[in-house]
Each structure stands twice: as C-alpha cells, then as structure tokens.
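Read the structure below first, then the notes.
Lettering of chains follows the sequences in order, A, B, ..., and the numbering in each one begins at 1.
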Number of protein chains: 2
Amino acid sequence: MSLSLLSYALLGLLEQQPSSGYDLRKIFVQTPMWSYSDSPGAIYPALERLEKSGLIRGRVEASAGLRQRKLFRLTSAGTAELKKWLRKPVSREEVVRGMGELMLRFAFTERVLGGAAAMQFLKDLEKELRWYVPTLREFLDTQEEAMTISGRLALESGIRGYESQLGWTTYAIAMYAERNKGGTSS
Amino acid sequence: MSLSLLSYALLGLLEQQPSSGYDLRKIFVQTPMWSYSDSPGAIYPALERLEKSGLIRGRVEASAGLRQRKLFRLTSAGTAELKKWLRKPVSREEVVRGMGELMLRFAFTERVLGGAAAMQFLKDLEKELRWYVPTLREFLDTQEEAMTISGRLALESGIRGYESQLGWTTYAIAMYAERNKGGTSS
DNA sequence: ATCGTCATGTAACGTGTTACATGATTGT
DNA sequence: ACAATCATGTAACACGTTACATGACGAT
C-alpha cells in the first residue's frame with residue numbers, strides 16, 4: 001500500500017483534526033511552502049481514494065446552520081498506515097532525493113509518535129547530512145573544471161541548501177533537548 | 001506551447017551539446033540534485049514529444065564502430081523556445097513556488113543569453129528573496145502560538161532554506177562582478 | 001558461449017493539472 | 001436581487017513511474 005505524498009499529507013492533517021476537503025485546501029493555500037496544490041481536482045479524488053482504501057471515513061455533518069460539509073477522520077487502519085510511514089528510517093537515498101518528504105514526515109512525527117521518535121528522527125537526519133554535505137563538496141571540487149561558472153554556482157546553491165538543513169537539524173535537536181529538560185509540561 | 005520542467009532541462013542540455021537519450025540519462029543519474037528521473041520511460045517519450053513539436057531533431061549517427069546512437073540537437077525553433085523560457089522575468093510567484101525551476105533556468109542562462117542576463121537574473125532573484133524572507137518570518141511570528149513545536153521547526157527549516165538562497169545570491173553576484181572586472185577571458 | 005553494459009524503446013498505470021460545473025449560503 | 005464566498009465535485013489531459021522487452025557489442 002504505497003501512497004502519494006499528497007495522500008500522506010492529508011492523513012497527517014486529518015490526524016490532527018477531522019476536516020473537510022475545503023478545510024484541507026485552505027491549509028495548502030494559506031501555509032507557505034507546504035506547496036501542495038490547492039486544486040480541488042487533486043484533493044477530492046485523493047480523499048476519495050483514501051476512503052476507498054479504508055484509511056479515512058467521511059460523514060456529512062451540518063454544523064450550526066452552515067451548509068453541509070463532509071468531515072473526514074482517520075480510521076484505525078489510517079492511523080496505522082500513517083504510523084508505518086512515519087516510522088520509516090531516515091535513509092541515505094531519501095536525503096539524496098530531497099528534503100521534501102522528510103520534512104513532511106518530521107512535521108507529523110512528534111504528534112503521532114511522540115517526542116522521543118522526533119528526536120531520533122533528527123539525530124538520524126543529522127548523521128546522514130554530515131555524510132552527504134562533504135560528499136557534495138567533494139563532487140564539486142573534482143568536477144569544478146569541467147563545469148561552467150553557472151553550473152558551479154547552481155551546484156553551490158544546492159550544497160548550501162543542505163548545509164542550511166544541517167544547521168537547522170542541530171538547532172532543532174537543541175530545541176528538543178532544552179524543552180525536555182526544562183518543562184515537562186505539554 | 002508550455003513544456004514540462006524535464007523538457008526544458010533536456011532543451012538546455014542539448015543546447016550545450018548534441019546528445020543521445022542515453023547520454024542525457026547518464027547526466028541525470030550522475031549529477032547530484034538535478035534530480036530528474038533517470039528512467040527511460042520519462043526521457044525517451046519526452047524527446048519524442050520535443051521532436052514532434054519541431055524543437056529538436058534526432059538523427060542516427062554510428063560513430064566509430066559503436067552501436068547506433070540517435071543524436072538530438074536543437075532546431076532554431078528549439079533555441080527560440082529555450083530563450084523564451086530563460087527570458088521569463090523572475091516573478092514573486094515563482095519564488096514562492098520553490099527554487100527548482102529558477103535554479104534550472106539560472107544554470108542555462110549565462111551560456112544561452114550571456115553574462116549580463118545571468119547578472120540581471122541574480123539581481124531580480126535577490127530582490128524577490130529580500131521581500132520573501134521577511135514575509136515568511138512574519139508569518140512564523142504571528143502564527144507561532146497556533147502551531148506545534150514540530151510545525152514551527154518545519155517552517156523554520158523552510159525559511160532557513162530561503163535565507164541560504166539569499167546568501168548564495170549575493171555570493172553569486174559578487175562572483176560575477178569580480179569575473180567581469182578581472183579577466184575578460186572565456 | 002555467456003554475461004554485462006550500451007542503447008532504445010513500449011505499455012499499463014496512477015496521479016496531478018486545468019478548467020469547468022453546480023448549488024447552497026451569506027452579505028448588501 | 002445580486003454577487004461573493006462556501007463547498008463539492010467531474011472530465012480531459014499530460015506526464016512521470018514502474019516494469020518489461022529487445023538487441024547489439026565487448027569482455028572473459
């Protein structure tokens with residue numbers, strides 16, 4: 001049972017609170033950088049598929065004079081599928097492919113799997129980035145002469161992106177560590 | 001005539017040198033972060049489409065005992081289409097959507113449109129990033145309390161990515177400025 | 001003789017994009 | 001009465017993914 005990124009995003013959001021297709025669309029429109037399409041042509045069919053697979057269930061709820069909204073919530077199978085996805089180990093290949101899916105997973109991890117899992121995620125990610133960034137630098141150094149200035153610069157831009165991710169990872173680890181030390185609350 | 005990103009990537013690469021589908025695939029496999037799929041099922045049909053649109057022309061060339069390779073090169077219509085794409089102004093919306101297409105365009109700009117165009121591109125990009133980064137920071141500040149820790153951190157990661165891009169942009173501008181001052185060569 | 005790599009394709013499939021359609025509700 | 005927004009869909013289409021297929025060439 002392999003789902004698209006959009007489907008996982010929907011599962012994660014529905015885990016946070018039952019929502020209608022319209023609600024979910026608004027989230028995608030309003031939230032910067034979670035740039036999934038806000039088009040109904042993507043979201044409604046995706047919800048339909050998830051319902052057919054038994055991962056979510058929708059029911060029409062006309063709350064307080066508003067027009068009918070179909071609220072979706074996760075089934076137990078849906079929660080299980082979401083957890084399975086979130087528990088996937090942070091792999092080298094995934095890091096190479098890009099940060100998109102990894103950051104989406106991180107955004108849901110703490111809520112669904114707890115703080116310890118989120119911390120583990122960050123540590124695994126940090127490890128992989130500490131391997132990948134030098135790998136990229138090395139590639140740039142050895143290939144430098146075969147590239148145009150623009151090519152070099154474009155690659156440099158990508159490497160800096162990963163370096164920035166690495167910086168963020170250590171920052172995030174510190175944030176988590178501090179929060180777990182200081183207050184046990186919430 | 002709107003093409004997919006992959007198609008533009010192929011046009012840009014073919015402008016640099018005539019290549020076979022296999023050559024192009026190798027580039028995607030070997031180059032980190034230009035992560036377009038290396039699958040023949042994407043590249044060969046894309047080349048076919050480009051040929052049907054008259055943007056490239058392929059001819060079989062059996063060079064020196066090797067087995068037959070179909071080498072593609074740009075037609076004048078292809079060059080025109082590539083230039084049209086590269087000349088698109090750097091727009092706010094494009095920056096919000098992500099850096100992917102912009103960096104691909106930058107990688108080809110100098111070669112096809114010349115150094116001045118590349119410099120202009122960078123300056124436009126810098127301007128948009130100087131607008132967008134504070135916008136994102138503001139969003140984070142105002143929404144902070146409504147978000148989970150993971151949500152905040154995920155957003156922070158994205159913002160840092162854009163900040164890193166901004167840093168790179170100024171760096172790249174400096175590189176270009178220096179090169180155009182120092183040596184006129186190549 | 002056989003295996004790996006070079007090289008080009010094809011066919012089924014899923015899914016996102018774009019654009020259109022519909023009707024209810026709220027505000028003026 | 002009318003427009004704007006809420007809310008859900010649908011249909012055509014393009015494109016990439018996955019997996020399979022084919023055959024030539026070079027090496028052992």
Please tell me which of the listed nucleotides, dA7(D), dT8(C), dT10(C), lies nearest to the side chain of Glu48(B)?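 Side chain of Glu48(B) sits closest to dT10(C).
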
Considering only heavy atoms, which members of residues 13-35 of chain A lie under 4.0 Å from some atom of DNA chain C?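 Result for residues 13-35 of chain A: none.
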
Which residues in residues 77-86 of chain A have at least one heavy atom lying under 4.0 Å from any atom of DNA chain C?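 Output list: empty, so none.
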
Salt bridge flag under 4.0 Å for residues [X] and [Y]:
X         : Y         : result
Glu51(B)  : Arg57(B)  : no
Arg97(A)  : Glu93(A)  : no
Lys123(A) : Glu128(A) : no
Glu156(A) : Arg160(A) : yes

Throw together a table of side-chain donor-acceptor distances under 3.5 angstrom for residues 76-86 of chain A, partners on residues two or more places apart or in other chains.
residue	atom	partner	partner atom	Å
Thr79(A)	OG1	Thr75(A)	O	3.1
Glu81(A)	OE2	Tyr8(A)	OH	3.4
Trp85(A)	NE1	Glu101(A)	OE2	2.9

Could you state the [atom1]-[atom2] distance from [X] to [N], rounded to the nearest angstrom?
X        : N       : atom1 : atom2 : result
Arg69(A) : dT5(D)  : CZ    : P     : 18 Å
Ile43(A) : dG9(D)  : CD1   : P     : 12 Å
Phe72(B) : dA7(C)  : CZ    : P     : 14 Å
Glu61(B) : dC6(C)  : CD    : C1'   : 17 Å
Asp38(A) : dC6(D)  : CG    : P     : 13 Å
Leu47(B) : dG16(D) : CG    : C1'   : 14 Å

Apply ring-ring contact (aromatic ring centres under 6.0 Å, His included) to the pair Tyr162(A) and Trp168(A), showing each step before the final yes or no. CA-CA 10 Å; Tyr162(A) 275 103; Trp168(A) 169 85; over 10 Å; no

Asp23(B) and salt bridge (charged side-chain N to carboxylate O under 4.0 Å, His left out): which partner among Arg73(B), Lys70(B), Arg69(B)?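 Option passing the salt bridge (charged side-chain N to carboxylate O under 4.0 Å, His left out) with Asp23(B): Arg69(B).
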
side-chain N/O Tyr44(B) vs dG9(C) OP1/OP2, d < 4.0 Å: no

For the side chain of Thr135(B) and the backbone of Trp131(B), is there at least one donor-acceptor N/O pair under 3.5 Å apart?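 At least one qualifying donor-acceptor pair exists.
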
Protein-nucleic acid N or O pairs under 3.5 Å, nucleotides 12-16 of chain C:
residue	atom	partner	partner atom	Å
dT15(C)	OP2	Arg49(A)	NE	3.2
dG16(C)	OP1	Ser4(A)	OG	3.0
dG16(C)	OP2	Arg49(A)	NH2	3.2

Find out if a path of hydrophobic residues (ILVMFWY) with successive side-chain heavy-atom gaps under 4.5 Å connects Met103(B) to Val96(B). yes

With sequence neighbours excluded, tell me which residues meet side chain to side chain contact (heavy atoms under 4.5 Å, CB included) with Val29(B).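 In terms of side chain to side chain contact (heavy atoms under 4.5 Å, CB included), with neighbours along the sequence ignored, Val29(B) is linked to Asp38(B).
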
Just jot down the salt bridge (charged side-chain N to carboxylate O under 4.0 Å, His left out) partners of Arg87(B), sequence neighbours excluded, or say none. none

